[in-house]
Amino acid sequence: MTQPSSKASEATAPLIVPNPHDPRLTERVAGIDQTGAAIETNVPVERPLTLYLNAQEIVTMMTIGDYPEYLALGYLLNQNMLKYDDVVTEVEYDDDLEVVVVRTEHHTNFEAKLKKRTQTSGCAQGTAFGDLLEAVESVALPKAELRTSWLYEMTHTINTMPSLYIEAGAIHGCVLCQQGKPVCYTEDVGRHNAVDKIAGWMFRHHVDPADKILYTTGRLTSEMIIKTVRMGIPILVSRSGFTAWGVDLARQVGLTLVGRAKGKRFIALSGQERIVFDQNLDFVAEESMRSKRKGGDRND
């Protein structure tokens, strides 16, 4: 698998961060608390987005609705319906119809593929299609390193950034990082949507995956491993836990897999040879209660 690479383009690519104050992404809802007192709270919206590839309807996704163009491109790339060397001539989004259309230079037909799909463990009804395992088996991930100083800097920065999770909860985040610094941070009701937005952003702006780290607030399942490998990213980190099949797949393809990354702690179950222990743990703080909002002590 090859991906477009341009250091010049990467340097000028727009930085994406959550916008917790976007009024389209949350609604104010009235209710009561544990004492019976009246309260109002923000909750994330869910809205359908129907994706077409040329003239063919592919899927209807439930999403918070931001960055529909990136979500569409990333979904198609991570489902192996769009190749990294394909020429995309147009991505058209209609807010009123809740439709996004991706048009390519060549003809496409995925009628047979759409009949062979598996519902994944991702929240918000993720799907994976039958040829995805075959698509990642031949991938050679780039050599890279994960310095523990980068890991601790990255997790601290992510946990203290403004986010839709802090504003409304019930949301997942995925963050593309270079060394210890976030370069693209997306959120959605499902972690698979969040990572697809990053894939679409990388494709659109010709971002080189070889020196990147992908961080997710969600579980390290087979779905997340496949998507990360499809994107060509050699390192995947989560504050949450693992599934057995996810670990097996990561080991098969040589993906560095780090989970339960909270405060000073983390566990690596695959690709440990990329980890460089350069951080003195005496100078790493434990998580604050505010940071524990994403996942807490659970593995979900």
Side-chain angles (χ1 to χ4, degrees), residues 1-3 51 53 58-59 61 63 70-86 110 112-142 144 172-177 184 186 188-203 207 209-210 212-238 240-259 268-271 274 299-300:
M1 177 180 66
T2 59
Q3 296 198 30
L51 167 60
L53 178 56
I58 301 298
V59 69
M61 300 173 279
T63 173
Y70 293 148
L71 175 57
L73 287 169
Y75 180 91
L76 294 172
L77 289 163
N78 282 337
Q79 296 294 345
N80 202 28
M81 294 180 176
L82 190 66
K83 311 296 184 185
Y84 280 93
D85 56 356
D86 283 342
F110 290 103
K113 182 170 182 172
L114 290 170
K115 293 178 181 178
K116 187 180 181 183
R117 60 185 177 185
T118 303
Q119 183 172 314
T120 72
S121 57
C123 49
Q125 299 288 309
T127 55
F129 295 93
D131 62 349
L132 279 181
L133 288 178
E134 292 85 350
V136 301
E137 284 176 351
S138 60
V139 171
L141 289 173
H172 274 293
C174 288
V175 190
L176 185 71
C177 300
C184 181
T186 64
D188 213 302
V189 288
R191 62 185 180 273
H192 51 87
N193 283 353
V195 74
D196 285 347
K197 290 175 187 176
I198 290 178
W201 179 83
M202 292 176 66
F203 177 79
V207 176
K212 300 301 186 295
I213 303 164
L214 183 63
Y215 174 93
T216 177
T217 59
R219 299 181 302 275
L220 295 172
T221 63
S222 57
E223 172 195 33
M224 289 301 295
I225 275 69
I226 290 171
K227 285 177 183 282
T228 305
V229 174
R230 283 284 302 155
M231 294 161 69
I233 298 172
I235 301 164
L236 176 60
V237 177
S238 175
S240 193
F242 314 80
T243 67
W245 192 19
V247 173
D248 287 345
L249 284 175
R251 289 175 173 176
Q252 288 175 36
V253 298
L255 175 71
T256 296
L257 195 63
V258 177
L269 296 184
S270 174
R274 288 195 180 95
N299 289 329
D300 59 356

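Numbers here are sequence positions counted from 1.
Distance alone, capped at 3.5 Å, is enough to place a donor-acceptor pair between the T217 side chain and the G173 backbone. With hydrogens and angles ignored, the 3.5 Å screen pairs no side-chain donor or acceptor of T256 with any backbone N or O of I235. A donor-acceptor pair under 3.5 Å links the side-chain atoms of T186 to the main chain of A194, judged by distance alone. With hydrogens and angles disregarded, a donor-acceptor distance shorter than 3.5 Å links the side chain of R251 to the backbone of L269. At least one donor-acceptor pair closer than 3.5 Å links the side chain of S270 to the backbone N or O of L255.
Distance check, rounded to the nearest 0.5 Å: SG of C174 to CE of M224 gives 4.5 Å. Annotation: the span from K83 atom NZ to F203 atom CZ amounts to 12.0 Å, rounded to 0.5 Å. How far CG of L76 is from CG of L71: 9.5 Å, rounded to the nearest 0.5 Å. Taking OH of Y70 as the start and CD1 of I198 as the end, the distance is 12.0 Å to the nearest 0.5 Å. Note that CG of L51 is 6.0 Å distant from CD1 of I58, once rounded to the nearest 0.5 Å. With values rounded to the nearest 0.5 angstrom, Y75 atom OH is found 5.5 Å from M81 atom CE.
Of the options V258, L257, V229, V195, a side chain to side chain contact (heavy atoms under 4.5 Å, CB included) to L236 is made by L257 and by none of the others.
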- [ ] Any chance you could lay out the side-chain contact (heavy atoms from CB on, under 4.5 Å) test for R274 and L141, step after step, and finish with the verdict?
- [x] CA-CA 12 Å; R274 288 195 180 95; L141 289 173; 4.0 Å; yes
Open item on the list: Determine whether V207 and K212 satisfy the following criterion, side-chain contact (heavy atoms from CB on, under 4.5 Å), listing intermediate values before the conclusion.
Closed with: CA-CA 9 Å; V207 176; K212 300 301 186 295; 3.9 Å; yes
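Between the side chains of R191 and T216, no donor-acceptor pair of N or O atoms lies under 3.5 Å.
Residues L176 and I233 form a side-chain contact, since some pair of their non-hydrogen atoms from C-beta on lies under 4.5 Å apart. Inter-residue side-chain proximity for Y84 and M231 is flagged as met; some heavy-atom pair is nearer than 4.5 Å. Under the 4.5 Å side-chain criterion, counting only non-hydrogen atoms from C-beta, L82 is in contact with L73. Counting only heavy atoms from C-beta outward, the side chains of L53 and Q79 never approach each other to under 4.5 Å.
Shortest non-hydrogen contact noted between L77 and A199 is CD1-O, 3.9 Å. When every heavy atom of P209 is checked against every heavy atom of G232, the shortest pair comes out as CB-O, 3.5 Å. What you find for P234 and A210 is that their closest heavy atoms are CG-O, 3.5 Å.
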